[in-house]
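To start, the structure under review is shown below, and the notes come after it.
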Amino acid sequence: MTQSPTQPQARAHISIPAAHPMVMLLGAGDSLLRVIEAAFPAADIHVRGNDISATGNAADIALIQRLFDEMVLVLRTGQPMTEDAVERSIAMLKATDNGQADGTETPAEVLTQNILSSRGRTIRPKTLNQKRYVDAIDKHTIVFGIGPAGTGKTYLAMAKAVQALQSKQVSRIILTRPAVEAGERLGFLPGTLFDKIDPYLRPLYDALHDMLDPDSIPRLMAAGTIEVAPLAYMRGRAQPVFTNVLTPDGWRPIGTLEVGDLVIGSDGAPTPVLGVYPQGEKDIYRVSAQDGSWTLCCGDHLWTVRTASDKRRDKPWRVLETKEMIGNLRAARARRYELPMLTAPVSFPEREVPMDPYALGLLLGDGCLTGATTPSFATQDPELAEALEGSLPGVSVRHKGGPDYTLNRLKAPGDVVTLENPVTRALRELDLVGTRSHSKFVPDAYLFNSADVRLAVLQGLLDADGGPVTQKDRTCRVQYTTASIMLRDDMIALVQSLGGVAYTRRRAAEGRTPGRARGRDVHHRYDAHVVDIRLPEGIEPFRLPRKAEKYRAAGGGGRPMRFIDSIEPAGREEAVCIQVAAEDSLYVTQDYLLTHNTLNDAFIILDEAQNTSAEQMKMFLTRLGFDSKIVVTGDITQVDLPSGTKSGLRQVQDILEGIDDVHFSRLTSQDVVRHKLVGRIVDAYEKYDSSKGEQDGGGPRGRGRHNGKQ
């Protein structure tokens, strides 16, 4: 071929190792050689045996020599070269030569990076941008793959998700899409709900079938290992609107919470609510633990649990949906799923109280609070009477005889005789005057106070009416008995708020052996409620020396544990989902149970993200849990949202660009891996849109798109 006299000429001689037959390098019928010659029309390329010579301008000859070197490297891996691979290799080398790429990744590195091998085929990136996209998924927690249709954004993300699942980097894959395209509305589509959403999710199912044994997919989906759902259902981990959630001010129905409100997390500390998402009516289940605690939630609601096997193997806690555990709650005769406990006592704000909390606990246990007489106290332990006197300023605890003591006001010279007893005044302020053994309770001012105040009340109650129960070769539990149902429930709440568990049982009054008082039988008028308690290490239940010593000698209370005992249908209710800022995403719900609705240990893909609203995008991204990865894919040139609605994918680039551990990978028409004509169509539309200045929500474009396969 004739060369321009102004261009420096060069000549190269390339010897191909005999280990690689020339037909593999040049293609059947020299098809690959023709691709190279078409890419470098000004160069002369000749092949004789295993020798290749090339003559032409110096720049072209340098590229041709590098190209053959890269092709040989690819062949050494056992991977065949194709016309498409040669074209892409040439494009990469030219981009590096023109300064459009930094040259850190060579064509051989790109074309030989295997992601996943399945059913006789290997999935790998085909372009430099695709390789960088795949590498970014490995390096970053959140990756946005933005580019035109056909660039393999979702398909490569799916391959990385399956790879992560198979290598046990994650325990589940969650695939989601917004079910809004081209202005269509689900309600107007025919069929059941599954029929309505299936067309939107079909590309995700198709990709799964390319990468996994089709027979295994239904099993993995039934087990919750793979979940495919519309974006609206991603936030469907909900509880009925009337379900109580613990806040620094006490219990509140979850339906009354707003963004910015504080709830209590697993560490006992307040954590803000980041999102509140009404869910409409949902099927509700009652989840009960073996200690009698329970709460309500929907079938998709998430629970952090572990099994005995997980514990033995030192495996991390897993996250399961309510419906995944139904019918699988027992392993032999043992309960399968253990629930987490508070890692520290709940931290309520400290409040002023009219009576020392330890003294209140003693009086609720063994005090006479009727108000008809001077307050009194009964105990066989003089230390308790002394402690009571030391805790009640202005009061003298006088021994009347036997176990009986009266709590008299200390009189000062000039005092008016009618001054109220300080104990009676405090009890009146707490609305406890007139209560008897079957109607006593712990006032809210103490139940929702600091951990020190709650522990002091508990110690007073247990020193008065509780005691350690020892058993051979077992840690010590604590037992408390009361005739008051309210005091029983308050005792349980105190224990649970400190990170312990409490079991309760009833002993009927009828048929019980009478007690003795002053030589006479005293028959029981009320049922007794027995509470068995286990407290975490570091929480001392007793101040009375004889009880405290016995408790410590038996090794303390051991480790409080809770297990799911039953999950039962509980009808349909209006439900709401909340998102909290706690690191482990846990919050305290009814009976101090810990639950959450954020996805841990998962690989989550949001496809067609250009059709999310700004609010949906924020909701989705804030669902991220620990040891999870999110990949968001979309084409910002094909937004199907109603006119005037801001695309969440477009907005998020302005918000998160530059944030650590968030990466934006941008693919172009050069990365299209479908028919070559698709790339040219994409370029034509980009040129048209740039001339017209297309705006967000600019009409129905791109109906029912399918991601490109590799």
(request) Any salt bridge (charged side-chain N to carboxylate O under 4.0 Å, His left out) involving residues 249-269? Give me the pairs, sequence neighbours left out, ordered by first then second residue. (result)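 Every salt bridge (charged side-chain N to carboxylate O under 4.0 Å, His left out) pair that includes a residue of residues 249-269, provided the two are not neighbours, is Arg252-Asp261.
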
Check whether any side-chain N or O of [X] sits under 3.5 Å from a backbone N or O of [Y] as a donor-acceptor pair, and report yes or no.
X	Y	value
Arg454	Asn449	yes
Lys440	Gly367	yes
Thr595	Leu302	yes

(request) Quick one: list whatever passes ring-ring contact (aromatic ring centres under 6.0 Å, His included) with Phe563, sequence neighbours left out. (result)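 ring-ring contact (aromatic ring centres under 6.0 Å, His included) list for Phe563, sorted by chain: empty.
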
(message) So, using ring-ring contact (aromatic ring centres under 6.0 Å, His included) as the criterion, who are the partners of Phe603 when residues are at least two apart?
(response)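 None.
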
Determine the minimum heavy-atom distance between [X] and [Y], stating which atoms define it.
X	Y	value
Leu369	Leu364	CD1-CD2, 4.2 Å
Thr470	Cys476	CG2-SG, 4.1 Å
Gln496	Ser293	NE2-CB, 4.3 Å

Under the rule for salt bridge (charged side-chain N to carboxylate O under 4.0 Å, His left out), what residues qualify as partners of [X], not counting sequence neighbours?
X	result
Arg488	none
Lys323	Asp300, Glu321
Asp591	none
Asp452	none

Please list all pairs passing the side-chain hydrogen bond (donor to acceptor under 3.5 Å, both in side chains) test where one or both residues lie in [range], with sequence neighbours left out.
range	value
residues 354-381	Tyr358-Asp463, Asp381-Arg546
residues 499-508	Gln290-Tyr503, Arg505-Asp532, Arg506-Asp527
residues 387-400	Arg398-Asn408

(message) Arg559 vs Glu338, test: salt bridge (Lys or Arg N to Asp or Glu O under 4.0 Å). Steps then yes/no.
(response) CA-CA 12 Å; Arg559 185 173 69 89; Glu338 181 183 354; 2.8 Å; yes

(request) Sequence neighbours left out, what pairs pass ring pair (Phe, Tyr, Trp, His ring centres under 6.0 Å) with at least one residue falling in residues 304-352? (result)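 Checked against ring pair (Phe, Tyr, Trp, His ring centres under 6.0 Å) - neighbours excluded - the pairs reaching residues 304-352 are Phe348-Phe448.
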
(request) List in chain and number order the residues that pass side chain to side chain donor-acceptor pair (under 3.5 Å) with Arg428, two or more places apart in sequence or in another chain; answer none if no residue qualifies. (result)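 Scan of Arg428 (side chain to side chain donor-acceptor pair (under 3.5 Å), adjacent residues dropped) gives Glu420.
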
(message) Using the rule given for salt bridge (Lys or Arg N to Asp or Glu O under 4.0 Å), can you reason through Glu568 versus Arg286, listing the C-alpha separation, both sets of side-chain angles and the distance that settles it, and then say yes or no?
(response) CA-CA 5 Å; Glu568 300 168 331; Arg286 176 178 170 134; 5.1 Å; no

(message) Under a 3.5 Å cutoff, is there a donor and acceptor pairing between the side chains of Asn328 and Arg336?
(response)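 A pair is found: one side chain offers a donor N or O, the other an acceptor, under 3.5 Å apart.
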
(request) Give a yes or no on whether the ring-centroid distance for Tyr285 and Trp294 is below 6.0 angstrom. (result)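 They do not qualify: ring centres at least 6.0 Å apart.
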
